[in-house]
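Only one structure is covered here, and it is reproduced in the block below.
Bear in mind that the values here come from a model prediction, so they are computed numbers and not experimental data. Values below: all heavy atoms of this structure, side chains included; hydrogens, waters and symmetry mates excluded.
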Amino acid sequence: MTYSQGRRGWDMLIANHDESQGKFIEIEPLPAKGRGRPSSRYRLSSKLVKTLQMSPPVSEHHTTEIAKLAETTRLSAENKPEDLVRDGRQRRSKLTLPNRWLLMVLLAHADMPGVITRLGISKIRQLTGMSRSRIDRQLKKLGNLGVIAQHQPGRYSSQASIRKTSLYLLDLAHPLLESFTKNLLKIECLTRSKGARQTELVGGIFDAVMTFAVCNVQTSVLLDGNDAIVDLEDPRLIRKSTRYRPTPSRYEIIERALSNAYVLLPNERSWKVGLEEIFTNYDTDDADWLLTSIHIDACLLLSSSWGDLKNGQLGPKLPSQVIIANTAQRLGLEPKNTKAKCVCHDAKASTYENPQDLHDIDNRSTDVKATYHPLAVLSYALSYHLAKQLQMALSSIQLFEAPAITYMLIPVFSNNSCIQQRPVYELRGYGVSEADATVKREFRIDPVDEDLHSYWRTYHHRCLSAISNKLDDSKSDSPEPAGQ
């Protein structure tokens, strides 16, 4: 904390409060020994200690890690210098006191897999007393050390009731945390594709959705005679058609992108209910945040409902109520009825439940479309589809199916900073076993030979403009109301 923040907090703790509350800290002067200011002993009041003992912990999952981070002789009477990280090189490779303090706050708000989805920067400032710039520096260091495996900054969306907060994925198996009391079983699976013009499922499932939506708009606009919406920097496509109908080559490009997008998407039609909303309300800046949100839910399904996924007991029409409710809340979307609001309220509390027990929490059948916002239905359907495909991929390389494994998808970027590359994704699985074991495999869900990532970003804004112009034209052509 800054001095002024610490001073204000200390003055509040030692102030005289009303009789019902009493003091928070009792100060006992000690006998003077020699010259100088006499010493004092500070003790938490018995009433405050009793209140703290009766208060439930913020997190029941990561108390071991938090207690480990809180172990320091910095505040003890001995003040051993070897426990203080003073050397510049050591400071860059180890956790300093501000690092520990921020990490403790993150752990206190993390669910079992180490995912934080409801902790914005303003809340972190309130809890830690740090400035925004200092928090940014601490987060950067934790990311460089690998303790924060991924940090996806928050996004603001005009159609959502709340701002989407930052997403943090913590590496609970990191040596600096020392959280596993038993031997660690670690699975590392990398998804790979052969070239930049290929799109694979894990990193491209959201690209496939947006490409599908863009292609639908392009087809509709082309049928209306506007072929400028498909122009590429390709000489074959720059020439303008002199006929009312566009040239066949334009249709072929759209059809190719559409068919490749369909390969990566679920066969069920349930995900299409939110297609229009996500196309019109989200843009390229939101893409990474939404993809990370899909990854979180997919991994939570693998971690908590492996058997239900495998046996077909869960699906887009019969979702995990806890997960889809958390998805809606993360997106800032209010449910459509009071029953769903109750589920969302229960889900908020159950976020901190053991993922192995999530499948036991109220998975009753419900009309998903009538209960949840279309965007929440779409996001859950994509997460479910990704979880199923990952499950089949893991089974195909004969990895065991242990319900005690916690899964997490982490982006891995190239070490060559001169090359702008999209990341591959590492599927990490953590558990405990009788002996040390690390399984490293590389698997690939067959990609499509199309750069869907670039395709929809090239045409998205142009398609939105075409839709807007079409709506304006339809309004101007409509007959005036009677009496005007």
Side-chain angles (χ1 to χ4, degrees), residues 191 193-284 286-287 290-291 294 316 374-375 378-379 381-382 385-386 388-389 422 444-471 473-474:
T191 60
S193 59
K194 294 181 179 179
R197 292 196 61 81
Q198 290 185 322
T199 302
E200 49 84 26
L201 178 69
V202 177
I205 188 168
F206 182 78
D207 294 328
V209 171
M210 295 300 285
T211 298
F212 187 88
V214 165
C215 288
N216 283 340
V217 175
Q218 286 178 323
T219 303
S220 174
V221 175
L222 282 173
L223 290 174
D224 291 338
N226 183 358
D227 60 350
I229 197 173
V230 199
D231 284 344
L232 288 170
E233 295 180 0
D234 189 332
R236 298 173 305 165
L237 304 173
I238 293 178
R239 62 182 182 272
K240 299 291 183 179
S241 173
T242 57
R243 297 174 294 173
Y244 182 77
R245 287 179 59 83
T247 59
S249 60
R250 301 181 188 279
Y251 279 113
E252 290 173 2
I253 292 211
I254 297 174
E255 194 64 33
R256 175 184 173 85
L258 185 62
S259 60
N260 281 321
Y262 230 137
V263 171
L264 301 178
L265 294 171
N267 293 326
E268 299 88 354
R269 297 180 58 87
S270 57
W271 62 272
K272 295 182 181 179
V273 297
L275 198 62
E276 181 179 353
E277 285 82 357
I278 205 167
F279 174 76
T280 56
N281 293 312
Y282 291 89
D283 56 23
T284 55
D286 300 309
L290 289 166
L291 179 62
I294 292 169
L375 286 178
L378 168 61
S379 180
L382 297 178
H385 177 64
L386 179 57
K388 286 288 291 183
Q389 298 301 311
R422 292 191 292 275
R444 180 166 59 90
I445 303 173
D446 291 336
V448 295
D449 294 327
E450 185 82 25
D451 184 7
L452 302 180
H453 181 86
S454 300
Y455 186 93
W456 77 267
R457 284 167 169 78
T458 302
Y459 298 122
H460 182 246
H461 181 71
R462 220 177 299 178
C463 288
L464 286 176
S465 299
I467 293 176
S468 178
N469 294 335
K470 189 174 181 180
L471 291 175
D473 293 341
S474 63

**Item:** Heavy-atom side-chain contact between Q198 and V448 under 4.5 Å
**Value:** no
**Fill in**
Of all heavy-atom pairs linking R462 and T458, the shortest is NH2-O, 3.7 Å
**Rounded distance [0.5 Å steps], OG1 in T199 versus NE2 in H453** = 9.0 Å
**Prompt:** Within a strict 4.5 Å, meaning less than it, do heavy atoms of the H385 and L265 side chains meet?
**Reply:** no
**Prompt:** Between Y459 and V217, does a side-chain contact (heavy atoms from CB on, under 4.5 Å) hold up when you go through it step by step?
**Reply:** CA-CA 10 Å; Y459 298 122; V217 175; over 6 Å; no
**Message:** Can you tell me how far apart CG (L275) and CG (L378) are? Round to the nearest 0.5 Å.
**Reply:** 7.0 Å
**Prompt:** Is the shortest heavy-atom distance from the side chain of I278 to the side chain of D286 under 4.5 Å?
**Reply:** no
**Message:** Looking at S259 and R256, would you say the former's side chain and the latter's main chain have a donor-acceptor pair under 3.5 Å?
**Reply:** yes
**Asked** Is there a side-chain contact (heavy atoms from CB on, under 4.5 Å) between D446 and V263 once you walk through the steps?
**Response** CA-CA 10 Å; D446 291 336; V263 171; over 6 Å; no
**Request:** Check side-chain contact (heavy atoms from CB on, under 4.5 Å) between L258 and all other residues, then give those that pass, not counting sequence neighbours.
**Result:** F212, C215, N216
**Asked** Passes side-chain contact (heavy atoms from CB on, under 4.5 Å), L382 versus V209? Steps please.
**Response** CA-CA 9 Å; L382 297 178; V209 171; 3.5 Å; yes
**Asked** Atom OG1 of T211 and atom CZ of F206: how far apart are they, to the nearest 0.5 Å?
**Response** 10.0 Å
**Complete:** dist H460:NE2 -> T284:OG1 (nearest 0.5 Å) comes out at 8.0 Å
**Asked** Does the W271 side chain pair with the main chain of S379, one donor and one acceptor, at a distance under 3.5 Å?
**Response** no
**Residue pair A381 / P316: nearest heavy atoms and the distance that separates them** = CB-CB, 4.4 Å
**Request:** Side-chain contact test, heavy atoms from C-beta onward, threshold under 4.5 Å: evaluate it for F279 versus C463 and give yes or no.
**Result:** yes
**Prompt:** Quick one: does E200's side chain have a donor or acceptor within less than 3.5 Å of a partner on G203's backbone?
**Reply:** yes
**Prompt:** According to the salt bridge (charged side-chain N to carboxylate O under 4.0 Å, His left out) rule, which pairs have a member within residues 206-216, sequence neighbours left out?
**Reply:** D207-R457
**Complete:** Taken to the nearest 0.5 Å, the spacing of M210 CE from L290 CG works out to 8.5 Å
**Request:** Working to the nearest 0.5 Å, report the span between CG of L386 and CD1 of I294.
**Result:** 8.0 Å
**Message:** Is there a side-chain contact (heavy atoms from CB on, under 4.5 Å) between I254 and Y455? Walk through the geometry before answering.
**Reply:** CA-CA 10 Å; I254 297 174; Y455 186 93; 3.9 Å; yes
